[in-house]
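Quick notes on the structure that follows.
Just so it is clear, the structure is predicted and the values come from calculations on it, not from any experiment.
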Amino acid sequence: MRRGTAATAPHRVRRRPVPIRVGAMRPTTHEYDTELLHDGDVVSLGGMVYRGRTVLSPGPEMFVPLERWAQSVADQIGGPVSWRASSDGEVVREGTMYPPDAP
């Protein structure tokens, strides 16, 4: 093909600017240091370490994703799993989930 033909020419797409709404698109969120623990140690399954940062939306069910996460891991390992959410070095909320067959 010759240089500059339609097959090799770069495409220019003009797009109209999209107005940005300040604060109207997303609810306020909070970011926490989170971890899952079993027998006091951070859980590690299949090379995956269960410690990191998690963004949660405020509200009455704010920590439900962490509870579900811990429940899933408790079901996998067959033992209790504690979850913890911290901010600025202070524990904000924590809990423990148990597998269904736990006493």
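- Residues L56 and T34 are not in side-chain contact: their nearest non-hydrogen atoms beyond the backbone lie 4.5 Å or more apart.
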- Task: Go through the steps to decide whether H30 and M62 satisfy the test side-chain contact (heavy atoms from CB on, under 4.5 Å), and finish with yes or no.
- Result: CA-CA 9 Å; H30 300 283; M62 180 176 203; 3.2 Å; yes

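- A continuous path of Ile, Leu, Val, Met, Phe, Trp and Tyr side chains, each step under 4.5 Å between heavy atoms, connects L66 with Y32, placing both in one hydrophobic cluster.
- The CD atom of E67 sits 13.5 Å away from the OG atom of S72 when rounded to the nearest 0.5 Å.
- The heavy-atom pair separating P99 from A74 by the smallest distance is CB-O, 3.7 Å.
- Across all their heavy atoms, V42 and V49 have their closest contact at CG1-CG1, 3.8 Å.
- The backbone N or O of Y50 sits nowhere less than 3.5 Å from a side-chain atom of E35 that would complete a donor-acceptor pair.
- A donor-acceptor distance shorter than 3.5 angstrom exists from the side chain of H38 to the backbone of P80, with no hydrogens or angles considered.
- In plain terms, the two heavy atoms of V91 and R84 that are nearest each other are CG2-CD, 3.7 Å.
- T28 and P58 make their closest contact through O-CD, 2.6 Å (heavy atoms, listed as atom of the first residue, atom of the second, distance).
- Going from atom CG of L36 over to atom OG of S44 covers 11.5 Å, rounded to the nearest 0.5 Å.
- Shortest non-hydrogen contact noted between M97 and Q71 is CE-OE1, 3.4 Å.
- Here the CG-OG distance, from D33 to S87, works out to 7.5 Å after rounding to the nearest 0.5 Å.
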- Item | V73 vs W83, side-chain contact (heavy atoms from CB on, under 4.5 Å): CA-CA, chis, key distance, verdict | CA-CA 10 Å; V73 173; W83 60 271; over 6 Å; no

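- Clustering ILVMFWY residues whenever any of their side-chain heavy atoms sit less than 4.5 angstrom apart, transitively, puts I77 in the very cluster that holds M48.
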